[in-house]
Structure formats: C-alpha cells, structure tokens
S.K.: 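Before I ask anything, let me first share the structure, which is written out below as structure tokens.
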Amino acid sequence: MRDLMELHISDLGGDGAVSAAERSIVRRVATLTVELERMEERFATDGEADAEALDLYSRTSGNLRRLLEAVGLRRRARDVTPDLRDYIDARPVV
C-alpha cells in the first residue's frame with residue numbers, strides 16, 4: 001500500500017505538490033487497489049467468482065475509478081532541468 005501511495009504521489013508531482021485532500025484520496029485509492037488485487041488473487045486461485053463477489057468487485061472498482069477521477073490523477077511532469085551553475089560545475093575540466 002505504501003508503494004502504491006508513493007507512486008501516485010509521484011504522479012501528482014511529488015510530496016511538495018500534493019495537498020492534504022489529495023493525499024487522503026491517494027490513501028483510499030491505495031487501499032482499494034490492494035483489496036481489489038486480493039480479490040483477483042482469490043478469483044484466480046478458486047478458478048471462479050460467485051455473483052456476490054463479482055458484485056463487490058465491480059462496485060469497488062467503480063469507487064476506485066471515481067476516486068482517481070476526483071483527484072485528477074495523471075502523470076504531471078516535474079521540472080528536472082539542472083541549474084546552470086550546477087551543470088557548469090559538474091562538467092569535466094578539459
């Protein structure tokens with residue numbers, strides 16, 4: 001769950017770019033994702049899923065999608081351009 005949270009927060013631009021509300025939604029997204037994966041594992045292990053389990057899976061997936069839409073989760077580019085002084089200092093002296 002922590003790994004998923006870190007990945008989503010990174011996609012939102014990193015710790016400094018994420019609001020408390022976004023962090024809260026990301027925590028719920030990670031929780032639902034882990035639970036959905038656990039359900040998928042049970043479906044695979046059992047070789048099938050009953051109607052009640054599929055209904056719960058479907059509703060949980062829908063809630064996950066809505067949470068992702070609410071936070072506007074998409075990859076946000078971060079500026080990784082080096083500072084000119086750092087770039088010059090890092091160049092080998094010829």
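Worth saying up front: this structure is predicted, and the values here are computed from it rather than measured.
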S.K.: If you define the side chain from C-beta out and look only at heavy atoms, does anything of Glu22 sit under 4.5 Å from Ile9?
M.R.: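 In short, these two side chains do not touch, never coming nearer than 4.5 Å.
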S.K.: Please tell me if the side chains of Leu56 and Arg59 come closer than 4.5 Å, counting only heavy atoms from C-beta onward.
M.R.: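 SC-SC contact between Leu56 and Arg59 confirmed.
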S.K.: Side chains of Ser24 and Arg28: do they bring a donor and an acceptor to under 3.5 Å?
M.R.: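 Yes, because at least one side-chain N or O of Ser24 sits under 3.5 Å from a partner of the opposite role on Arg28.
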S.K.: Measuring from Arg85:CZ to Ile88:CD1, what's the distance to the nearest 0.5 Å?
M.R.: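 Answer for the CZ-CD1 pair, Arg85 versus Ile88, is 5.0 Å.
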S.K.: Before you tell me yes or no, could you show the steps for Glu69 and Arg66 under salt bridge (Lys or Arg N to Asp or Glu O under 4.0 Å), namely the whole-Å CA-CA distance, both residues' side-chain angles and the distance that decides it to 0.1 Å?
M.R.: CA-CA 5 Å; Glu69 287 175 353; Arg66 282 187 290 282; over 6 Å; no
S.K.: Do Leu64 and Leu36 come within less than 4.5 Å of each other through their side chains, counting heavy atoms only?
M.R.: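 Counting from C-beta outward, Leu64 and Leu36 do come under 4.5 Å.
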S.K.: Does the side chain of His8 come within less than 4.5 Å of Met5's, by heavy atoms?
M.R.: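 SC-SC contact between Met5 and His8 ruled out.
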S.K.: Hey, is the main chain of Tyr57 close enough, under 3.5 Å, to the side chain of Ser61 for a donor-acceptor pair?
M.R.: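 At least one qualifying donor-acceptor pair exists.
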S.K.: Is any NZ, NE, NH1 or NH2 atom of the basic residue among Arg38 and Glu41 found under 4.0 Å from an Asp or Glu carboxylate oxygen of the other?
M.R.: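 Salt bridge absent between Arg38 and Glu41.
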S.K.: Taking all non-hydrogen atoms of both residues into account, name the closest pair between Arg23 and Asp15 and its distance.
M.R.: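 Taking every non-hydrogen atom into account, NH2-OD1, 3.4 Å.
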S.K.: Looking only at heavy atoms, what is the nearest atom pair of Met39 and Ala53, with distance?
M.R.: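 Result for this residue pair: CE-O, 3.5 Å.
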S.K.: Drop me the distance from Leu68's CG to Thr33's OG1, to the nearest 0.5 angstrom.
M.R.: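 If I round to the nearest 0.5 Å, the distance is 6.5 Å.
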S.K.: Tell me if a side-chain donor or acceptor on Thr31 pairs with a main-chain N or O of Arg27 at a distance below 3.5 Å.
M.R.: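 Indeed, once roles are kept as given, a pair shorter than 3.5 Å links the two residues.
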S.K.: So, taking the atom named CZ in Phe43 and the one named OG1 in Thr45, what distance separates them when rounded to the nearest 0.5 Å?
M.R.: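 The CZ atom of Phe43 sits 11.0 Å away from the OG1 atom of Thr45.
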S.K.: Is there side-chain contact between Leu12 and Val26, with at least one heavy-atom pair below 4.5 Å?
M.R.: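 When only atoms from C-beta onward are counted, Val26 and Leu12 do touch, with a gap below 4.5 Å.
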S.K.: I'd like to check Leu32 versus Glu35 (side-chain heavy atoms, cut-off strictly below 4.5 Å). Are they in contact?
M.R.: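 The answer is no, as the side chains (C-beta and beyond) never meet within the 4.5 Å cut-off.
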